[in-house]
**Q** 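I'd like to ask you about the structure that follows.
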Amino acid sequence: IYLPVIYKGEGTEESPYLISTPQALANISDGYYQLANDIDLTDYIKQNNNCWQAIQHLSTNQLTLDGNGHKISGLQNETIETYAGLFGLARNVTIENMIVEIPKDATLKATKFVGILIAKGEKVIINRVGTLGSVTCEDGYAGGIIGYAKDIQLRESARKAIGDFLNRNNTEELPFN
């Protein structure tokens, strides 16, 4: 049974939609969102066949996700998808002020595009974002923050910013602090 998510706020910068659960995070779309607390995806992913369904935003409207200094942890996938990351495909997206972490014993995997924050992005602004974890791509693009990007602004963010073209079975291991 699908239960719709009801957000507090109005979806504007002055009154953003507040995200306090993994389900609320998984259902974001156009508008301005802000994390109200740290979010651990571990149990949510276990309840969903051990797979995070990456957020897709291909709208011509803007989506802004302000982490408000919080952390999203537990991001992982057991199945190998074409796109793997917090966001799979992201267009017209701004993400700021957060840390996204993959568990130390896990690797985020994809066949074509993988990035801890965004697998493949276009017209993206990333500001003050940190990522921790390791990623693997069978035959495509991989990066610690974003796997593949077109028209990106990256500001004050930590880890490898844009993935290089990787041949089959290449892995980028990012150390944990």
Side-chain angles (χ1 to χ4, degrees), residues 5-45 52-76 83-104 106 108 113-135 142-163 172 174-177:
V5 175
I6 299 172
Y7 296 96
K8 291 181 182 177
E10 297 176 18
T12 64
E13 187 171 0
E14 297 78 28
S15 178
Y17 293 128
L18 297 178
I19 299 171
S20 58
T21 67
Q23 182 181 5
L25 177 63
N27 286 287
I28 63 176
S29 114
D30 298 343
Y32 196 100
Y33 295 81
Q34 187 177 70
L35 295 184
N37 47 262
D38 290 348
I39 295 179
D40 185 347
L41 299 175
T42 305
D43 290 338
Y44 180 82
I45 289 171
W52 169 254
Q53 183 66 40
I55 299 164
Q56 309 295 326
H57 187 268
L58 299 173
S59 174
T60 56
N61 297 320
Q62 183 68 28
L63 180 152
T64 298
L65 176 58
D66 181 354
N68 197 25
H70 293 289
K71 177 169 70 170
I72 297 171
S73 60
L75 178 64
Q76 57 185 310
Y83 302 93
L86 185 64
F87 283 79
L89 296 169
R91 181 182 300 137
N92 299 315
V93 172
T94 298
I95 304 170
E96 57 191 3
N97 305 317
M98 71 173 69
I99 294 172
V100 180
E101 183 178 64
I102 296 172
K104 292 180 182 181
L108 200 58
F113 301 93
V114 60
I116 295 172
L117 188 63
I118 299 172
K120 183 177 181 182
E122 180 180 345
K123 297 181 182 175
V124 172
I125 298 171
I126 300 170
N127 188 31
R128 293 186 302 277
V129 173
T131 59
L132 300 169
S134 82
V135 298
I145 292 178
I146 187 166
Y148 178 86
K150 180 179 176 185
D151 191 10
I152 180 175
Q153 295 178 40
L154 184 67
R155 307 175 188 149
E156 299 179 43
S157 296
R159 288 296 179 239
K160 207 163 193 132
I162 307 226
E172 179 184 8
L174 300 175
F176 285 88
N177 297 333

**Q** Quick one: CE on Met98 to CG on Asp38, what's the gap to the nearest 0.5 Å?
**A** 11.0 Å
**Q** Please report the interatomic distance CD1(Ile6) to CG(Asn27), rounded to the nearest 0.5 Å.
**A** 12.0 Å
**Q** With rounding to the nearest 0.5 angstrom, report the CD1 to CD1 distance, Ile152 to Ile146.
**A** 4.0 Å
**Q** Where do Arg91 and Leu58 come nearest, in terms of heavy atoms and distance?
**A** NH1-O, 3.1 Å
**Q** Please identify each residue that fulfils side-chain contact (heavy atoms from CB on, under 4.5 Å) with Asn97, with sequence neighbours left out.
**A** Asp66, Arg128
**Q** Show me the donor-acceptor pairs within less than 3.5 Å that the side chains of residues 115-125 make with the rest of the protein, sequence neighbours left out.
**A**
none

**Q** Taking ring pair (Phe, Tyr, Trp, His ring centres under 6.0 Å) as the definition, give me every residue that meets it alongside Tyr33, ordered by chain and number, with sequence neighbours left out.
**A** Tyr7, Tyr17
**Q** Give me each pair satisfying ring-ring contact (aromatic ring centres under 6.0 Å, His included) with a member in residues 56-75, each pair once, sequence neighbours excluded.
**A** none
**Q** Answer yes or no: is there a donor N or O on one side and an acceptor on the other, between the side chain of Thr131 and the main chain of Gly144, under 3.5 Å?
**A** yes
**Q** Look up atom CD in Glu10 and atom CG in Leu18, then write down how far apart they are to the nearest 0.5 Å.
**A** 11.0 Å
**Q** Can you find a heavy atom in the side chain of Leu25 that is under 4.5 Å from one in the side chain of Trp52?
**A** yes
**Q** Looking at side-chain heavy atoms only, is the closest gap between Phe87 and Ile55 below 4.5 Å?
**A** yes
**Q** Considering residues at least two apart in sequence or located in another chain, which fulfil the side-chain contact (heavy atoms from CB on, under 4.5 Å) criterion with Gln62?
**A** Thr64, Asn92, Thr94
**Q** side-chain contact (heavy atoms from CB on, under 4.5 Å) between Leu65 and Ile19: does it pass, once the steps are laid out?
**A** CA-CA 10 Å; Leu65 176 58; Ile19 299 171; 3.7 Å; yes
**Q** Looking only at non-hydrogen atoms, find the nearest pair between Ile45 and Gly74 and report the distance.
**A** CD1-O, 3.3 Å
**Q** Could I get the full list of side chain to side chain donor-acceptor pair (under 3.5 Å) partners for Asp40, not counting sequence neighbours?
**A** Thr42
**Q** Return the CG to CG distance between Asn68 and Asn37, rounded to the nearest 0.5 Å.
**A** 10.0 Å
**Q** On a heavy-atom basis, which atom in Ile39 and which in Thr21 lie closest, and how many Å separate them?
**A** CD1-O, 3.9 Å
**Q** Can you name the closest pair of heavy atoms from Ala106 and Ser134 and give their distance?
**A** O-OG, 3.7 Å
**Q** Quick check: do Leu35 and Ile72 have side-chain heavy atoms less than 4.5 Å from each other?
**A** yes
**Q** So, the side chain of Gln56 versus the backbone of Ala54: is there a donor-acceptor pair under 3.5 Å, distance only?
**A** yes
